[in-house]
Structure formats: structure tokens, C-alpha cells
Chemist: 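Take a look at this one; I'll ask things after.
Please read these numbers as outputs of a predicted model, since none were measured by experiment.
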Amino acid sequence: MHGAPVPIDRAKPTPAGERGASRCVVALGEAIVDRLGDAREPGGAPANVAAGLAKLGTQAAFVGAIADDDAGACVRTALERAGVDVRACRLLPATERIATRTAIVENDADGERRFVGFEPPQACFADTQLRPVDVYPAVDCARAIVLGTLGFAVRPTRDALTTALRRATERAIPVVLDINRRDVFWPEPAIARDAILALAMPSATILKASRDEALWLFDTEDPVAIARRFRGLRNVVVTDGANGARWCARIERRAYTAGVTAAFAIRSLDATGAGDAFLAAFVHASLSGDAPAEAMRFGAAAGAIVASARGAMAPQPTHAEIDRFLAST
């Protein structure tokens, strides 16, 4: 990538994976552009989480494949401005067959969104082109890794994410997994459930899913029931929009503490990215040593702030903005 990212602090960050780099949270997967009406906003769940973490003060890097086109420049610039280290990304030359994906999004009256298609048509999208060799250095020195499930839809990104999970497991690096059910991203949507269960879930340490995603993938919305199915899971969060979120955290080998975190009453304008902001804030608070209930409330506040605005990345809050929001509620 061209140009250095905006520093998270006064020290210029070292590219993820280079000797001497401070350990950071590494997000892997898709960086895309969301188009809602005439507006185009940088997005992609892992990229959004990386930006959210960096804005909160957690050192974060993003590793993905991005085309050297206008959409790619939009995403790279937004990540750099947020303070994310993007220098381990794979930059692909812009051609008629390789492009940064633009996802066409529609919102209903309550601000909930759905993905209905992609631009440009007939293109090979850059986010599908991450290779195993691209992930080694960053993952090997990560404090934790964050990824969604959309990258498992197409090779070689599927192989890159599988490699990252294997290396993280070997090195006891925590894995934060966000279940993103987006059938339109999968050439064969019928295989998505089995692929996620086989390739992603065995390595997950922290899991986030919406209620609908949990029912689809696990046939239950109970966080403790989900946690007991997978030996490595320490935290499970199941979100349910205005109904809040259910969660559990492992306190002993087979014992869990659990709870429900209420949603904040807001007027939702655009839910795109709200879950990613929630996850970034939850991970940031958890890494800072907050108790699960406190981390959940901090995450819920971040999600509410983003859902109250337009776009996924630009409205992500700073720590001070979340503190002010919580103080006002």
C-alpha cells in the first residue's frame, strides 16, 4: 500500500508482521464499499472492526486484498484515517476483471439493511484474492485476530483464512469470529452453514452472531448451549437488535457466567456497521480488562451511536464519545 497510516499514538506504527512491531489486533478478510442509494461508504465487516478498534485506541491492522481502483482507494484512505495499519494488505492492479467490490445495500423503515447485489458486474472481486502467503507475518505476531465468515465463500481467500486460523490456534492467539450470513456473497449458499461449522468454528475464541444467524447455524439462540459445543469458545454474544443481546463468558472449564444486555433506545437511521462497531468496542473493552457485562454495555453503546448515523465506518465512536453517550443515558 502507498503511504503510511495515521498513527494511533505519537509513535509511528510498524507494519504488521515486521520485526519489532508491537502486538496488535489483526482483522482479516473483506474491505469493500457499501452503496446505499447514491451514497458510497467504505465497509466490509473485518475492515469496519479494525477501524473501530483503532478509533478506540487499540492498535489494529487490516489484512485483505484490495484493487488499486477508486473504490479501493476510498477504503484504504478511510482505514488509514482511522489509524489502521494497512501495509500488510495485498494491492491488486486494477483491471476489467479485478475490482474492489461495491455491495448494493437497501434499508427498510427501521434502518435494517439487506445486501441485494454487487458492482461492477462481471468482475472478479479483489476481496476473494487473499492468499495464504499474505497472512503469515501479521498473524504470527498478532495479539488477537478478527474475521468474519464471508471470506470462506470463495478461494483463495478461504484458504488464506483457514491458514490464519490454523496458525493462530498453534500459537494460542485468540480468534474473534463474527458470523455474517450474507447468502448473496456465496456462489453456493447451500454450503455456507457446513463450511462455517467445519472451517471457522473449531478455532473461535470469541463468537458474535445475531439471533437469526445463531438459529441458522446452531439451531439455538442460547449462548451457553453454543459455547458448550465448541471447546475453544470463551465468550459468546447473540445480538437481537432492539431486544438487546444475550451473552456468556467461561469462568471455569465447563462453567459460565451469563446475562442479557439491554439495547439503548435510539432512532436507527442505518444499521449497516452497527454490529461491527459493537464488536470492536466489546473486544477493546475485553482486552482492556473490563468484566463481560461492562464490555457488553460499552459495545452496545458503540453500536447505538453508529446505528444513529449514516454509514458503517465514518460514525464509529472514540472512547470519549462512548463515555459521553453512556453518561447521558
Side-chain angles (χ1 to χ4, degrees), residues 5-14 16 21-29 31 41-63 75 77-86 138 142-148 173-178 205-206 208 235 237 239 245 247 249 261 263-264 266 271-309 311-329:
V6 176
I8 295 171
D9 52 30
R10 293 184 180 182
K12 184 177 180 181
T14 305
S22 57
R23 285 161 60 84
C24 63
V25 179
V26 176
L28 303 104
E41 300 286 346
N48 290 338
V49 174
L53 285 166
K55 283 190 173 184
L56 291 169
T58 292
Q59 287 205 334
F62 174 75
V63 180
V75 176
T77 298
L79 287 169
E80 289 171 349
R81 286 177 175 169
V84 178
D85 181 347
V86 297
R143 184 181 183 186
I145 67 170
V146 178
L147 67 159
I173 297 168
V175 173
V176 181
L177 180 66
D178 188 6
T205 310
I206 297 174
K208 172 190 162 292
N235 298 79
V237 177
T239 61
W247 57 270
T261 298
F264 292 97
I266 60 165
T272 306
D276 303 328
F278 166 89
L279 183 59
F282 175 78
V283 171
H284 168 82
S286 298
L287 291 176
S288 299
D290 288 5
E294 295 171 346
M296 286 292 302
R297 190 164 185 265
F298 192 77
I305 291 169
V306 170
S308 301
M313 201 175 291
Q316 288 176 324
T318 64
H319 204 299
E321 288 169 338
I322 295 178
D323 287 343
R324 286 195 295 270
F325 178 89
L326 289 172
S328 69
T329 59

Chemist: Output side-chain donor-acceptor pairs under 3.5 Å for residues 278-288, partner residues at least two apart or in another chain, one line each.
Modeler:
from: H284; atom 1: ND1; to: T58; atom 2: OG1; distance (Å): 2.6
from: S286; atom 1: OG; to: F282; atom 2: O; distance (Å): 2.8
from: S288; atom 1: OG; to: H284; atom 2: O; distance (Å): 2.8

Chemist: Taking all atoms of both residues into account, what is the closest heavy-atom pair of A277 and A302, and its distance?
Modeler: O-CB, 3.6 Å
Chemist: Once you round to the nearest 0.5 Å, how far does CH2 of W247 lie from OG1 of T239?
Modeler: 15.0 Å
Chemist: Show the nearest heavy-atom pair for residues A54 and A82, with the distance to one decimal.
Modeler: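 That closest heavy-atom pairing would be CB-O, 3.3 Å.
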Chemist: Report the residues that fulfil side-chain hydrogen bond (donor to acceptor under 3.5 Å, both in side chains) with D178, sequence neighbours left out, ordered by chain and then residue number.
Modeler: N180, K208
Chemist: Between CZ of F298 and CD1 of I322, what distance do you get to the nearest 0.5 Å?
Modeler: 3.5 Å
Chemist: Could you tell me which non-hydrogen atom of P315 sits nearest to which non-hydrogen atom of V306, and how far apart they are?
Modeler: O-CG2, 3.9 Å
Chemist: Is any side-chain heavy atom of V84 less than 4.5 Å from a side-chain heavy atom of M313?
Modeler: no
Chemist: For A314, is there any backbone N or O sitting under 3.5 Å from a side-chain donor or acceptor partner on K55?
Modeler: yes
Chemist: If you apply the rule side-chain contact (heavy atoms from CB on, under 4.5 Å), what do you find for V175 with L147, and how did you get there?
Modeler: CA-CA 8 Å; V175 173; L147 67 159; 3.8 Å; yes
Chemist: Counting N and O atoms only, with roles assigned by atom type, does the side chain of E80 sit under 3.5 Å from a partner on the main chain of V86, one being a donor and the other an acceptor?
Modeler: no
Chemist: How many angstroms lie between OG1 in T205 and CD1 in I145, if you round to the nearest 0.5 Å?
Modeler: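 Reported to 0.5 Å precision, the distance equals 8.5 Å.
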Chemist: Side-chain contact, heavy-atom cut-off 4.5 Å: V146 with I206?
Modeler: no
Chemist: Where do A27 and A50 come nearest, in terms of heavy atoms and distance?
Modeler: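 That closest heavy-atom pairing would be CB-CB, 3.9 Å.
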Chemist: Can you name the closest pair of heavy atoms from N48 and G43 and give their distance?
Modeler: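 So the two residues come closest at OD1-CA, 3.4 Å.
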Chemist: Could you report the tightest heavy-atom contact between A301 and L326, atom names first, then the distance?
Modeler: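 Taking A301 first and L326 second, the nearest heavy atoms are CB-CD2, 3.7 Å.
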Chemist: Please work out whether the ring planes of F264 and F325 are parallel, tilted or perpendicular, with thresholds of 30° and 60°.
Modeler: perpendicular
Chemist: Of all residues at least two apart in sequence or in a different chain, which pass the side-chain hydrogen bond (donor to acceptor under 3.5 Å, both in side chains) check with D290?
Modeler: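 Once residues adjacent in sequence are excluded, D290 has no partner under the side-chain hydrogen bond (donor to acceptor under 3.5 Å, both in side chains) criterion.
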